[in-house]
Number of protein chains: 2
Amino acid sequence: MTTPQQLEADLGWALLAVLRSYREISEALLAGLPGGPRGYHVLTTAATGEPPSQLALARKLGVDRTVMTYLLDDMEKGGLIERRPDPADRRARRITVTEAGNAALCDVQRALRTAEETLLEPLDPEERPVLRHLLYRLATRADPQRTETTCTEAEKLTGDAPAC
Amino acid sequence: MTTPQQLEADLGWALLAVLRSYREISEALLAGLPGGPRGYHVLTTAATGEPPSQLALARKLGVDRTVMTYLLDDMEKGGLIERRPDPADRRARRITVTEAGNAALCDVQRALRTAEETLLEPLDPEERPVLRHLLYRLATRADPQRTETTCTEAEKLTGDAPAC
DNA sequence: TATTGTTATACTCTATAACTATA
DNA sequence: TATAGTTATAGAGTATAACAATA
């Protein structure tokens with residue numbers, strides 16, 4: 001029979017399986033959002049700090065810049081983001097999140113928080129933050145610039161009311 | 001500023017980022033294998049226990065059965081697997097791993113083991129098995145039948161020599 | 001000359017539908 | 001009638017190439 005060490009050897013399989021579960025439970029939540037899961041990542045990235053260029057967004061999400069054009073087209077039509085000219089470089093466009101975009105982001109974030117806890121339910125309550133912490137440290141190692149929007153932060157940037 | 005709790009909130013992002021790193025470092029390893037990452041998963045699944053049907057494999061990998069046909073075509077051409085008629089159901093085919101397939105599986109598994117440790121290097125040595133364990137428990141929750149091939153087991157099944 | 005963003009095109013991947021053979 | 005597997009076709013998603021504007 002296989003030992004626990006051997007059972008836990010296939011890290012890639014485990015990662016993929018967990019991500020697949022995550023996608024299943026979050027799919028419904030993100031279905032209404034223009035751009036889906038990617039649209040959500042664009043919102044979280046664009047809502048924090050300096051409005052990023054399209055190219056910076058594309059690199060951060062790991063997609064081609066042409067894909068980013070189509071994605072932002074949808075999100076702009078949906079009223080979630082705006083393309084503003086970069087005063088320092090007239091080739092580039094800065095992606096800013098609209099009020100509606102911030103509202104949508106907050107809604108989705110709250111729903112995702114619940115969905116994530118559902119995903120982690122098989123673990124003991126004290127194990128859940130451990131997994132989050134370890135995963136996050138690995139993830140930021142791969143992308144050290146990463147910072148995350150919180151609802152309150154997003155609202156500060158737009159000068160918006162609470163609601164979140 | 002964001003607190004650690006807030007920073008670690010986006011589980012989906014962290015999972016995806018880590019999986020992306022994993023794919024980067026394993027890409028080269030799996031490039032030569034017919035079927036790539038999926039071919040590897042087919043090998044690990046088919047090398048353990050009863051040779052599965054194509055449909056069972058498709059469900060386990062989360063792909064359409066037509067995709068499985070093409071995937072197995074490539075792997076059969078590459079000499080890694082064989083399609084054998086199921087004696088109990090002449091519609092179905094049992095996928096068995098050839099000797100060459102087992103050898104390839106062992107090679108890839110050994111290389112992946114190293115690659116995984118590279119991925120986990122940012123963590124302290126005692127944290128690495130913790131992450132593996134937590135991820136694996138979540139993953140098996142989603143797919144409770146999961147068992148994993150070990151090289152020695154695969155060799156037992158084919159009556160093969162060690163080499164791994 | 002290189003870079004940002006857009007558009008058109010081609011390619012890859014995946015799913016749908018129709019078929020054969022079994023059950 | 002339903003299921004396992006195959007094949008052909010259509011669709012979605014993605015990348016490549018060419019372009020305009022700017023650096």
Side-chain angles (χ1 to χ4, degrees), chain A residues 16 19-20 23-24 26-27 30-42 45-46 50-78 80-97, chain B residues 16 19-20 23-24 26-27 30-42 45-46 49-78 80-97 145:
Chain A
L16 188 63
L19 186 63
R20 213 147 66 192
R23 280 176 173 154
E24 272 167 30
S26 65
E27 202 173 8
L30 297 167
L33 194 75
R38 281 180 175 168
Y40 168 67
H41 284 301
V42 166
T45 307
E50 274 297 288
S53 71
Q54 299 191 187
L55 195 60
L57 276 172
R59 287 206 239 266
K60 197 142 240 167
L61 296 206
V63 301
D64 196 85
R65 60 189 175 141
T66 63
V67 174
M68 188 52 65
T69 297
Y70 304 133
L71 178 57
L72 293 176
D73 284 349
D74 290 345
M75 297 182 70
E76 199 169 31
K77 271 174 215 151
L80 301 180
I81 57 105
E82 277 176 2
R83 294 190 235 226
R84 297 193 180 164
D86 184 334
D89 183 345
R90 288 197 296 171
R91 294 171 303 179
R93 300 175 174 216
R94 300 248 168 214
I95 304 307
T96 60
V97 180
Chain B
L16 188 62
L19 186 63
R20 211 148 66 194
R23 279 176 174 155
E24 272 166 30
S26 65
E27 203 172 7
L30 296 168
L33 193 75
R38 282 180 175 168
Y40 167 68
H41 283 301
V42 165
T45 307
E50 276 295 288
S53 71
Q54 298 190 188
L55 195 60
L57 275 173
R59 287 206 240 265
K60 196 141 240 165
L61 295 208
V63 300
D64 195 84
R65 62 190 174 141
T66 63
V67 174
M68 187 53 65
T69 297
Y70 304 134
L71 178 57
L72 294 176
D73 284 349
D74 290 343
M75 297 181 69
E76 200 169 31
K77 270 175 214 149
L80 301 179
I81 57 107
E82 277 175 2
R83 293 189 236 226
R84 296 194 182 164
D86 184 334
D89 183 344
R90 290 198 293 173
R91 293 171 304 180
R93 301 175 174 216
R94 300 248 168 214
I95 304 307
T96 62
V97 180
Q145 283 92 357

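Reminder, nothing fancy here: chain letters follow the sequence lines and each chain counts from 1.
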Check: B:Leu33 and B:Leu80 side chains under 4.5 Å, non-hydrogen atoms: yes

Interatomic distance, B:Asp64 CG vs D:dG11 C1' [rounded to whole Å]: 13 Å

Separation of C:dT6 C1' from A:Leu72 CG (nearest whole Å): 12 Å

Rounded interatomic separation in angstrom, taking OH from A:Tyr70 and P from D:dT16: 13 Å

Any donor-acceptor N/O pair, B:Arg20 side chain to A:Leu61 backbone, under 3.5 Å: yes

Nearest-angstrom distance from the residue atom CG of A:Asp74 to C1' of C:dT6: 15 Å

Phosphate OP1/OP2 of D:dT6: any B:Arg83 side-chain N/O under 4.0 Å: yes

Sugar-phosphate, base or nothing in reach of B:Arg94, heavy atoms under 4.0 Å: nothing

Length of the line joining B:Leu57:CG and D:dG5:P, which is rounded to integer Å: 9 Å

Presence of donor-acceptor pair under 3.5 Å, side chain of B:Arg93 and base of D:dG5: no

Interatomic distance, A:Arg38 CZ vs D:dA12 P [rounded to whole Å]: 16 Å

Touch class at under 4.0 angstrom, heavy-atom based, for B:Arg90 against every strand present: sugar-phosphate

B:Gln54 vs A:Val67, nearer the 5' end of DNA chain D by closest nucleotide: B:Gln54

B:Arg65 (side chain) and D:dG5 (base): donor-acceptor pair under 3.5 Å: yes

Under-4.0 Å side-chain N/O to phosphate OP1/OP2 contact, A:Thr69 with C:dG5: no

OP1 or OP2 of D:dT3 under 4.0 Å from side-chain N/O of B:Arg59: no

Shortest side-chain distance from A:Thr66, nucleotide among C:dT16, D:dA18, C:dT7: C:dT7

Sugar-phosphate, base or nothing in reach of B:Asp89, heavy atoms under 4.0 Å: sugar-phosphate

Over 12 foreign heavy atoms within 6.0 Å of CZ, A:Arg23: no

Side chain to side chain, B:Ser53 and B:Ile95, heavy atoms closer than 4.5 Å: no

Atom-pair distance (CE on B:Met68; P on C:dA15), nearest Å: 11 Å

Integer-rounded Å distance: D:dT1 C1' and B:Arg91 CZ: 11 Å

Side-chain heavy-atom pair A:Glu76, A:Arg83 within 4.5 angstrom cut-off: yes

